[in-house]
Every structure is written in C-alpha cells, then in structure tokens.
There are 2 protein chains.
Amino acid sequence: MKIDPKNPADLSAQIAKAIRDAIISGALPVDERLPSEAELAEQFAVSRPTVREALKRLAAQALIRTQRGATGGAFVNRLRFEEAYGQQITTSTLLLSMNDVSFATACEARYALERACAPLSALRRTADHLATMRAEAHRQSQPGLTDEAFCASDVAFHRALVDAAGNPVLSYQLAGAVEAMQPLMNMITFSARSRERIIALHTAIADALEAQDGAAADQNLAALATYTQELAQSVFATRLAARNGPLGSGGS
Amino acid sequence: MKIDPKNPADLSAQIAKAIRDAIISGALPVDERLPSEAELAEQFAVSRPTVREALKRLAAQALIRTQRGATGGAFVNRLRFEEAYGQQITTSTLLLSMNDVSFATACEARYALERACAPLSALRRTADHLATMRAEAHRQSQPGLTDEAFCASDVAFHRALVDAAGNPVLSYQLAGAVEAMQPLMNMITFSARSRERIIALHTAIADALEAQDGAAADQNLAALATYTQELAQSVFATRLAARNGPLGSGGS
DNA sequence: AATTTTCATTTGTCAGACAATTAAACGTCT
DNA sequence: AGACGTTTAATTGTCTGACAAATGAAAATT
C-alpha cells in the first residue's frame with residue numbers, strides 16, 4: 001500500500017489505486033477507518049490536496065465514505081447492490097450512447113439476459129412480483145399514456161420480472177441492460193395496436209410466471225423480443241424514408 | 001449545469017454531478033473540451049482545488065480525461081467497452097465479497113447469463129473463438145497446473161464463449177458475472193477427476209458451438225452449472241466437517 | 001449525577017504560488 | 001520563402017498555509 005514511484009505525475013491516481021487495491025484485497029475491511037488526510041499525506045509524502053483528490057476518486061466509486069468531526073474520517077464503504085445499480089445504469093447508458101450501439105444489438109442483449117431469468121423467476125416469483133407486473137401491464141393499457149410513460153412502465157414491468165428470480169447478482173447485472181435501453185426505446189412511437197400486442201405479451205408472461213411455467217414465459221419473452229425488433233425496424237425505416245423522401249436527403 | 005445551492009458542503013460532489021448530468025444528457029458531446037479549471041472555478045464560484053476534486057471524481061468514472069499543456073484541459077471521454085470492463089469487474093467483485101453472496105447465488109447468476117449467450121454464440125462463433133476455447137481446454141488438461149491457473153483458464157474459456165456471441169453489450173454485462181466469480185472459484189480445490197469432468201464438458205461445449213448446435217451448448221452448460229454447484233457444495237461440506245470434527249468447532 | 005461548556009480532531013474550502021508540460025507564435029538562418 | 005530552433009502563453013499538477021464547520025470527547029459547572 002506504500003507504492004509510489006518517483007514520477008511526480010498522477011500522484012493522486014497512484015494513491016487512489018494503492019488504497020483501492022488494499023480494499024479489494026481485503027487488507028482494509030468494511031467500516032475500517034483510513035488514516036486522516038494529514039497522516040496519509042505524510043505516509044505517501046505528498047500534500048493534503050493530493051491526498052484529497054485521491055480520496056475523491058474513491059468516493060466517486062462509492063468505495064469510501066467520509067465524515068467530518070473529531071471521530072470522523074474516511075471509512076471503507078460497504079458497497080450495496082442498490083447503490084451499485086445507479087453506477088451500473090449510468091455506465092451502461094453512456095456506453096450505448098457513446099458507442100453508437102444499434103437498437104438491434106442492445107435489444108438482443110437485453111432479451112437474451114431476461115430470458116435467462118425466466119426459468120428462475122417462474123420458480124421463485126412471489127405474489128408481490130406478480131402484483132407489480134399486473135399493475136404495470138394495467139397502467140400500460142391506460143389511454144392517453146405518453147410514449148415515455150409507456151416505456152417507463154415497460155421498464156418497471158421487466159424489472160419486476162428480473163427481480164422475481166430472487167438473485168441479487170442477476171438483478172444487478174440486468175439493471176444495466178434493462179434501464180439503459182430506455183433512451184433507445186423512447187425513440188419509438190408506439191401505436192395503439194403495437195401497445196395492445198405488447199400488453200398481451202406482458203400479460204401472457206405474467207400468466208406464465210403465475211403458473212410457474214418457465215418454458216411459456218421464455219416463449220413469450222422471445223416473441224416480445226422479436227416483436228420489439230420488428231417494431232423498431234419498421235419505425236426506423238419509416239423515419240428514414242420520410243427523410244429521404246419528399247424533403248430530400250440531408251439535414252442539420 | 002450551473003446548479004449550485006448555498007449549502008457549502010459537498011461542493012465538489014455537486015459540481016461533479018452537474019457536469020456528469022451534462023455529459024449524460026448529451027449537452028457535452030464526446031471530445032468536447034471543458035472550460036479550464038480556473039474558468040470552472042469562476043463559473044461555479046468556488047476555488048480551484050474544489051473544482052479539481054470534482055474533476056477527479058469524473059476521471060475516476062472515466063467520464064473525462066485530462067491533458068496538460070497549452071491546448072490541454074479536461075475532455076469528455078468516449079467510454080469504451082474495454083475500459084468499462086475493468087470498472088464492471090471491480091464493482092462486481094466487491095459486491096460479491098462485501099455482501100457475503102453465496103457461491104450458489106453467484107454461480108447460478110453466472111451460468112444463467114452464460115446460457116443466454118449460448119444460442120447466439122452457436123450462430124456467430126468464429127474460428128478464432130473456437131481456437132481460444134480449444135486452447136484453454138487443452139491448457140486445463142496440463143498436469144501440474146495450479147488450481148489458480150486452472151480457474152484463470154476457466155475464466156478465459158468462458159470469456160471466449162461469451163465473446164463468441166458477437167454482442168459487445170452482452171460481453172460487457174457478462175464480464176462482471178464471469179470474472180467476479182474467480183475469487184470464489186479459487187476457494188475450491190479441483191481434484192484430477194473433477195478437472196477431467198470439467199474439461200470434458202468444455203470440450204463438449206466447444207464441439208456444440210463448432211456444430212452451431214445451440215441446444216447442445218445450452219445442455220452442456222447446464223450440466224456444467226450443476227456439476228460446479230455440486231462440487232462446491234461437497235468441498236464446502238468437507239471443509240465444514242473438518243472444522244467441526246476432530247479439532248472442535250470455533251476458531252479465530 | 002446531569003447538564004453545559006470547552007476543546008481537540010478532522011474534513012471542507014479557500015488563496016496564492018511554483019513546477020511541468022505542451023502547442024502555438026515568433027524569430028532566425030539557409 | 002521555407003525550415004528550424006526559441007520563446008511564450010496557457011493549462012494541469014502539486015505544494016504551503018490558512019480558516020471554517022462539524023462533531024464527539026473531555027472538562028467544568030450546577
């Protein structure tokens with residue numbers, strides 16, 4: 001943990017890495033208090049602002065939390081699944097938007113992963129999960145619902161489906177795939193007929209889970225995946241035709 | 001982006017959030033240069049060290065990169081899948097170790113997700129992927145291989161399996177599930193017979209992918225999942241018996 | 001004994017300074 | 001004019017010293 005070569009650049013990054021490694025290796029257990037900033041500065045032979053920059057890096061990853069006062073300081077933070085969800089979603093969303101991931105690719109990943117949950121969800125779904133799914137399916141059938149609200153409800157439905165698997169690791173991994181799709185889904189306008197079809201599939205999935213029929217849930221999820229892909233394709237094709245059609249190609 | 005209430009605590013966190021939101025919303029596109037630290041300090045009406053702490057938070061999430069010099073500064077970073085892997089693996093590993101996730105739970109999640117890749121991998125696997133999987137399977141059969149090296153090769157095998165699906169989003173999501181399992185797997189001692197069984201299943205999986213038979217790949221993955229669970233259970237049971245047996249219960 | 005006050009410790013922030021780096025602007029020589 | 005070396009300005013990285021705010025513990029008081 002006292003590694004610090006003599007290249008006086010990226011000092012804060014090096015210190016952050018040293019502490020991070022100590023946490024990962026278990027040398028610094030959860031809730032352990034780190035030395036004060038002044039002590040760390042002395043140990044690493046750097047100034048306090050440099051130490052603070054290192055600590056802020058760790059805080060940004062939720063690896064530590066800080067507390068002011070006499071008995072305060074920086075403490076190794078217990079990374080909880082709920083906190084990690086946020087990071088996971090942010091990162092996934094940015095990955096999709098910054099790397100021009102196609103709708104098809106993201107959609108394929110999302111439904112492949114969801115289908116992985118289906119058999120477990122069928123086994124372990126509770127009344128709570130079923131109620132959430134039914135409630136969201138019902139909300140989706142409300143007239144006058146905006147496309148954005150429809151998408152949000154869609155996400156909530158699928159979150160419940162994933163959580164029903166009763167495996168926090170799966171829920172965590174899936175959070176990114178499901179939530180990061182929302183900006184892409186928001187680009188789609190859902191006609192009344194397409195909403196009807198989606199809601200029918202949602203209902204069928206909820207029915208399958210209620211009957212603890214994993215195969216049926218998987219089948220309907222596959223159908224939903226196919227339908228979503230087709231829908232997106234037709235929407236994008238229509239939009240492209242409109243751009244290249246009467247108004248000519250090109251634009252701002 | 002100029003939000004900054006009057007509570008003078010967590011200023012650097014607030015500034016980081018403001019800039020992060022601007023990046024996520026797209027107001028700051030990739031490769032856009034942020035104002036210099038001095039300018040940011042003026043804009044947010046804080047000191048330069050505070051701005052720097054905010055920037056370090058963003059740098060820790062790979063949202064920005066900095067460059068010294070006349071035309072230097074902080075630039076919005078294109079978040080690449082390869083960089084995100086590392087973060088994902090670190091977070092997943094810590095989540096498992098800090099929350100006392102059982103081997104069974106992590107293993108279930110991992111194989112459920114891998115099985116989601118199987119049909120796609122069967123469709124799209126290239127000669128490269130097959131060669132990697134064969135090579136790792138062969139390495140696993142080397143005598144004198146340490147348990148740790150065996151596990152590392154196991155991870156490499158499964159990474160190739162996942163990458164064969166040709167979907168970067170899947171590869172990213174799976175990276176955490178697969179790699180974070182390694183510390184847990186390292187707790188297992190693999191007997192020669194159990195290695196043989198695992199290698200046989202690996203070979204069967206590679207065969208199935210080569211034949212583009214997704215169902216067979218899925219079946220063998222399921223078998224591997226079951227076998228791994230059984231193996232872990234017996235290892236842990238043996239270890240528990242040894243602790244509670246001749247030496248009595250309890251310990252440091 | 002209970003309550004209030006004081007105090008020491010620690011993080012959060014600020015101001016100013018200097019070093020290191022880097023590219024552009026400038027000047028010089030061919 | 002063009003190529004090449006030099007200067008310069010801008011910017012990040014780091015340091016020093018300082019003060020404010022929070023907070024729990026110790027001391028003083030009732």
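We name chains A, B, ... by the order of the sequence lines, and we start the count at 1 in each one. All values derive from a computational prediction rather than experimental measurement.
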Original post:
Which whole-number value in Å describes the distance from Glu53(A) CD to dT11(C) C1'?
Top reply: 15 Å
Subject >> Heavy-atom pair with the smallest gap, counting every atom of Leu170(A) and Val162(A) >> reply: O-CG1, 4.2 Å
Original post:
What is the nucleic acid contact for Arg65(B), judged by heavy atoms within less than 4.0 Å: base, sugar-phosphate only, or nothing?
Top reply: nothing
Subject >> For atom CZ of Arg68(A) and atom C1' of dA22(D), their distance in whole Å >> reply: 5 Å
Original post:
Charged N to carboxylate O below 4.0 Å: is that the case for Glu53(B) and Lys56(B)?
Top reply: no
**OP:** Please examine the side chains of Leu113(B) and Leu174(A), heavy atoms only from C-beta on, and report whether any two atoms are closer than 4.5 Å.
**Re:** yes
Subject >> Side chain of Arg52(B) - closest among dA15(C), dT12(D), dC15(D) >> reply: dT12(D)
Subject >> Met98(A) side chain near Arg80(B) side chain, heavy-atom distance below 4.5 Å >> reply: no
Original post:
Taking CD from Glu42(A) and C1' from dT16(D), how many angstroms apart are they, rounded to a whole number?
Top reply: 15 Å
Original post:
Of the nucleotides dT12(D), dC15(D), dC14(C), which one has an atom closest to the side chain of Ser36(B)?
Top reply: dT12(D)
Original post:
Between dT9(C), dT13(C), dT22(C), which one does the side chain of Ser47(B) approach most closely?
Top reply: dT13(C)
Subject >> Min side-chain heavy-atom separation Gln229(B)-Tyr111(B) under 4.5 Å >> reply: no
Original post:
Just how far, in rounded Å, is C1' of dT14(D) from CZ of Phe44(A)?
Top reply: 16 Å
Subject >> Distance in angstrom units between Leu55(A) CG and dG12(C) P, rounded >> reply: 9 Å
Original post:
Thr90(B) versus Ile24(A): any side-chain heavy-atom pair under 4.5 Å?
Top reply: yes
**OP:** Compare the minimum distances between each of dA25(D), dT22(C), dC15(D) and the side chain of Pro49(A), then state the nucleotide with the smallest one.
**Re:** dC15(D)
Original post:
In terms of side-chain heavy atoms, does Asn167(A) have a donor or acceptor partner in Thr105(B) at a distance below 3.5 Å?
Top reply: no
Subject >> Nearest-nucleotide pick for Thr50(B), side chain only, options being dT13(C), dT14(D), dG12(C) >> reply: dT13(C)
Subject >> Whole-Å distance separating the NZ atom of Lys56(A) from the C1' atom of dG13(D) >> reply: 18 Å
Original post:
When you measure from the side chain of Thr66(A), which nucleotide among dT9(C), dA23(C), dT11(C) comes out closest?
Top reply: dT11(C)
Subject >> Integer-rounded Å distance: dA21(D) P and Gln67(A) CD >> reply: 19 Å
Subject >> Between P of dG12(C) and CD1 of Ile15(B), the distance in whole Å >> reply: 14 Å
Original post:
Using the C1' atoms of the five pairs at each end, what is the angle between the end axes of the helix from dA1(C)-dT30(D) to dT30(C)-dA1(D), to 10°?
Top reply: 20°
Original post:
Looking at the side chain of Glu37(B), which of dA9(D), dT12(D), dA25(D) is the nearest nucleotide?
Top reply: dT12(D)
Subject >> Distance-only donor-acceptor test, Arg48(B) side-chain atoms vs dG16(C) base atoms, 3.5 Å >> reply: no
